[in-house]
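Letters A, B, ... mirror the listed sequences (proteins, then strands); counts begin at 1. Computed from a prediction, not measured in an experiment: that's the story for all the values here.
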Protein chains: 2
Amino acid sequence: MPKAVVSEEKRRRRRPTRSGTVLSEHLIIDTALRLLREHGSAGLSARRLGLALDCDPSALYRYFRGMDDLTLAIGDTLIGQALDGWRPTGAWREDLRRLGMRIHTAYVSHPQAAVLTTSRVTGRANELAADEAVLGVLRTAGLAVGEAVRVYHAFIDQTLAFAALDAASLALPNAALRAEDEVWRSTYGHLPAASHPNIAAAAPLLATEMVRSAYPSALELLLDAVAARLVG
Amino acid sequence: MPKAVVSEEKRRRRRPTRSGTVLSEHLIIDTALRLLREHGSAGLSARRLGLALDCDPSALYRYFRGMDDLTLAIGDTLIGQALDGWRPTGAWREDLRRLGMRIHTAYVSHPQAAVLTTSRVTGRANELAADEAVLGVLRTAGLAVGEAVRVYHAFIDQTLAFAALDAASLALPNAALRAEDEVWRSTYGHLPAASHPNIAAAAPLLATEMVRSAYPSALELLLDAVAARLVG
DNA sequence: CTTCTTATGCCAACACAGTTGACCTTACGC
DNA sequence: GCGTAAGGTCAACTGTGTTGGCATAAGAAG
């Protein structure tokens with residue numbers, strides 16, 4: 001076992017695995033994302049990863065301190081994807097909306113990975129870049145530092161929170177998914193109006209509404225609040 | 001292994017375990033909550049639960065279909081605690097605020113358990129009661145069914161999402177907690193102003209702000225939006 | 001081109017997890 | 001009291017993360 005993991009830049013020796021492939025942080029993370037997509041958020045394991053990469057599971061410990069460390073790296077990769085290509089235009093509201101939607105989208109498009117990473121603070125490069133971007137937009141919009149920090153907090157937490165929730169429902173394995181659908185239709189749909197009048201009345205609407213994400217509307221609410229502070 | 005689990009009401013035989021204690025759904029859930037609090041969200045396992053209850057791990061399968069089923073039951077217990085004692089007063093805004101804060105508080109006061117359960121739809125009794133309560137408040141406030149459902153969706157998702165996020169940071173084991181604190185202070189605190197000017201400027205405020213939950217302010221924003229719809 | 005060092009892949013083993021099937025004992029309904 | 005079956009127990013299976021020791025080949029040095 002390595003005492004300390006060699007950082008990717010310092011890595012010199014590129015020894016191929018027995019089957020010929022050459023490992024790297026990037027390759028490992030990519031394969032992990034594939035495994036997560038194919039086998040669900042519980043389908044990522046050191047042994048399965050070793051199988052997919054055709055290497056011994058313990059080889060992974062030369063690249064990450066453990067599975068948890070790998071998880072954080074995956075999370076940072078997602079943020080990186082969200083930020084890729086984003087540039088501030090100067091129109092704060094549009095910038096912030098795009099940023100929020102991009103982060104939300106990046107997580108939700110890898111639901112199984114998102115489930116594992118949304119609520120972790122990594123301090124890695126891409127996460128820092130995202131924080132810097134949000135704070136930058138808010139301050140150039142005209143907010144004082146203190147207010148910018150408060151809004152930043154609400155913004156980033158709300159985005160991650162909804163991403164986590166939306167990802168969680170997308171990440172459910174097919175069986176559980178059908179089970180939850182069944183719960184909505186059978187339990188909620190056939191609830192006696194005597195005991196649960198409001199659910200009974202809303203049942204058909206519930207089934208369609210609960211599929212969509214509530215994030216876009218929540219985001220607009222937050223942007224409205226920021227706008228109010230800027231004029232006031 | 002039991003083909004189907006006997007529901008708690010139908011349970012007749014109360015056979016004591018070898019050490020004398022008599023098992024029950026309630027006792028098992030309580031013990032599980034204790035284990036979660038004491039050993040963190042990864043500290044709940046069938047074997048440890050068996051040890052704490054002084055019974056064989058496989059005995060649990062007479063009460064729950066598996067660890068996942070137990071998890072859902074724990075979640076429903078938390079919602080039950082949140083609802084316990086809540087009554088609608090007729091003042092919709094106050095009712096909704098109290099409901100939101102109660103649910104958020106219930107989850108956050110069992111962070112380790114919340115991490116496991118926040119994003120699961122169970123269809124169990126207490127969850128149904130909570131949904132019925134929210135829809136009831138919104139409709140008696142004067143919202144049409146369609147709008148009530150949309151607001152209900154945003155409300156419940158937002159509450160659970162923030163609960164999950166806030167719980168996650170509270171649930172981190174001490175070591176990881178210190179590590180994240182370290183990340184905030186060292187990484188964010190000593191970031192060169194050249195590359196990350198906005199984080200550098202906001203660093204002292206970030207450290208204090210990021211400890212608080214952003215839920216209360218997010219909740220007020222949502223209530224404002226509902227109020228706007230009611231007058232319009 | 002040879003030699004040396006050490007990074008890094010591989011192997012075997014550990015303790016822990018969830019889950020199951022067979023067994024057996026004992027509480028309860030009659 | 002008796003018969004039944006609920007439910008606690010045991011042993012075993014597969015899968016997990018992680019580690020220490022070992023072997024080998026990549027790349028630096030000469």
Side-chain angles (χ1 to χ4, degrees), chain A residues 1-25 27-28 31-32 35-36 39-74 116 173 175-176, chain B residues 1-25 27-28 31-32 35-36 39-72 116 173 175-176:
Chain A
M1 75 295 86
K3 287 199 192 311
V5 170
V6 185
S7 86
E8 194 68 2
E9 304 86 49
K10 305 281 176 194
R11 206 169 280 277
R12 287 281 147 76
R13 321 280 272 262
R14 327 249 37 166
R15 181 177 176 178
T17 183
R18 195 175 16 165
S19 65
T21 55
V22 175
L23 298 181
S24 69
E25 274 193 24
L27 177 63
I28 294 174
T31 310
L35 283 188
L36 283 169
H39 299 102
S41 60
L44 178 65
S45 77
R47 303 181 121 94
R48 235 203 278 242
L49 203 40
L51 212 65
L53 288 163
D54 217 336
C55 73
D56 191 88
S58 62
L60 303 172
Y61 288 78
R62 306 280 182 197
Y63 295 82
F64 302 97
R65 278 196 300 276
M67 291 306 281
D68 190 69
D69 194 29
L70 170 60
T71 301
L72 295 182
I74 292 175
L116 303 179
Chain B
M1 79 288 92
K3 288 196 192 314
V5 171
V6 185
S7 85
E8 194 68 2
E9 305 85 50
K10 306 279 178 196
R11 208 170 279 278
R12 288 283 142 75
R13 320 278 275 258
R14 325 249 41 167
R15 180 178 176 179
T17 183
R18 193 176 17 163
S19 64
T21 56
V22 176
L23 296 180
S24 70
E25 273 191 25
L27 177 62
I28 294 174
T31 311
L35 283 188
L36 282 169
H39 298 102
S41 61
L44 177 65
S45 77
R47 304 187 121 94
R48 233 201 280 241
L49 202 40
L51 212 64
L53 288 164
D54 217 337
C55 73
D56 191 89
S58 62
L60 302 171
Y61 289 77
R62 306 282 181 197
Y63 295 82
F64 302 97
R65 280 195 298 276
M67 291 305 282
D68 190 70
D69 193 29
L70 170 60
T71 299
L72 294 182
L116 302 179

C:dT8, OP1 or OP2 - any side-chain N/O from A:R18 closer than 4.0 Å? no

Can you tell me how far apart CD1 (A:I28) and CZ (A:R62) are? Round to the nearest 0.5 Å. 12.0 Å

Axis-to-axis angle across the helix from C:dC1-D:dG30 to C:dC30-D:dG1, five pairs an end, to 10 degrees? 20°

Quick one: A:L49 CG to C:dG9 P, roughly how many Å, whole number? 13 Å

Just the rounded figure in Å: distance from P of C:dA17 to CG of B:L35. 11 Å

Rounded to whole Å, the CG-P distance (A:D56 to D:dG21) equals 17 Å

For the pair made of NE2 in B:H39 and C1' in C:dA17, what is the distance, rounded to whole Å? 16 Å

Could you tell me how far apart B:L60 (CG) and D:dG8 (P) are, to the nearest whole angstrom? 9 Å

On a heavy-atom basis, which atom in A:E25 and which in A:F64 lie closest, and how many Å separate them? CG-CZ, 3.9 Å

Please round to the nearest 0.5 Å and tell me the distance separating atom CG of A:L60 and atom CG of A:D69. 11.5 Å

Expressed in angstrom and rounded to an integer, what is the separation of B:L23 atom CG from C:dT26 atom C1'? 15 Å

Report the distance from atom CG of B:L70 to atom C1' of C:dA17, rounded to the nearest whole Å. 15 Å

Do B:R15 side-chain and C:dT25 base share a donor-acceptor contact under 3.5 Å? yes

D:dA5 OP1/OP2 closer than 4.0 Å to side-chain N/O of B:R62: no

From CD of A:E25 across to P of C:dT8 the rounded distance in Å is 11 Å

Quick one: CG on B:D56 to OG1 on B:T17, what's the gap to the nearest 0.5 Å? 8.5 Å

Work out which heavy atom in B:T31 is nearest to a heavy atom in B:L27; give both atom names and the distance. OG1-O, 2.7 Å

Between protein and nucleic acid, restricted to nucleotides 4-6 of chain C and to nitrogen or oxygen atoms under 3.5 Å apart, what atom pairs and distances do you find?
| unit_1 | atom_1 | unit_2 | atom_2 | d |
| --- | --- | --- | --- | --- |
| C:dT6 | O2 | A:R13 | NH2 | 2.6 |

Scan B:A59 against the nucleic acid and name what it touches under 4.0 Å (heavy atoms): base, sugar-phosphate only, or nothing. base

Considering only distance and modelled atom types, tabulate donor-acceptor pairs under 3.5 Å from the side chains of residues 40-55 of chain B, sequence neighbours left out.
| unit_1 | atom_1 | unit_2 | atom_2 | d |
| --- | --- | --- | --- | --- |
| B:S45 | OG | B:R48 | N | 3.0 |
| B:R48 | NE | B:G43 | O | 2.9 |

Would you tabulate the pairs of protein nitrogen or oxygen atoms and nucleotide nitrogen or oxygen atoms of nucleotides 16-18 of chain D closer than 3.5 angstrom?
| unit_1 | atom_1 | unit_2 | atom_2 | d |
| --- | --- | --- | --- | --- |
| D:dT16 | OP1 | A:S45 | OG | 2.9 |
| D:dG17 | OP1 | A:A46 | N | 3.2 |
| D:dG17 | OP2 | A:A46 | N | 2.7 |
| D:dG17 | N7 | A:R47 | NH1 | 2.5 |
| D:dG17 | O6 | A:R47 | NH1 | 3.0 |
| D:dG17 | O6 | A:R47 | NH2 | 3.4 |
| D:dT18 | OP2 | A:Y61 | OH | 2.8 |
| D:dT18 | OP2 | A:M67 | N | 2.9 |
| D:dT18 | O5' | A:Y61 | OH | 3.2 |

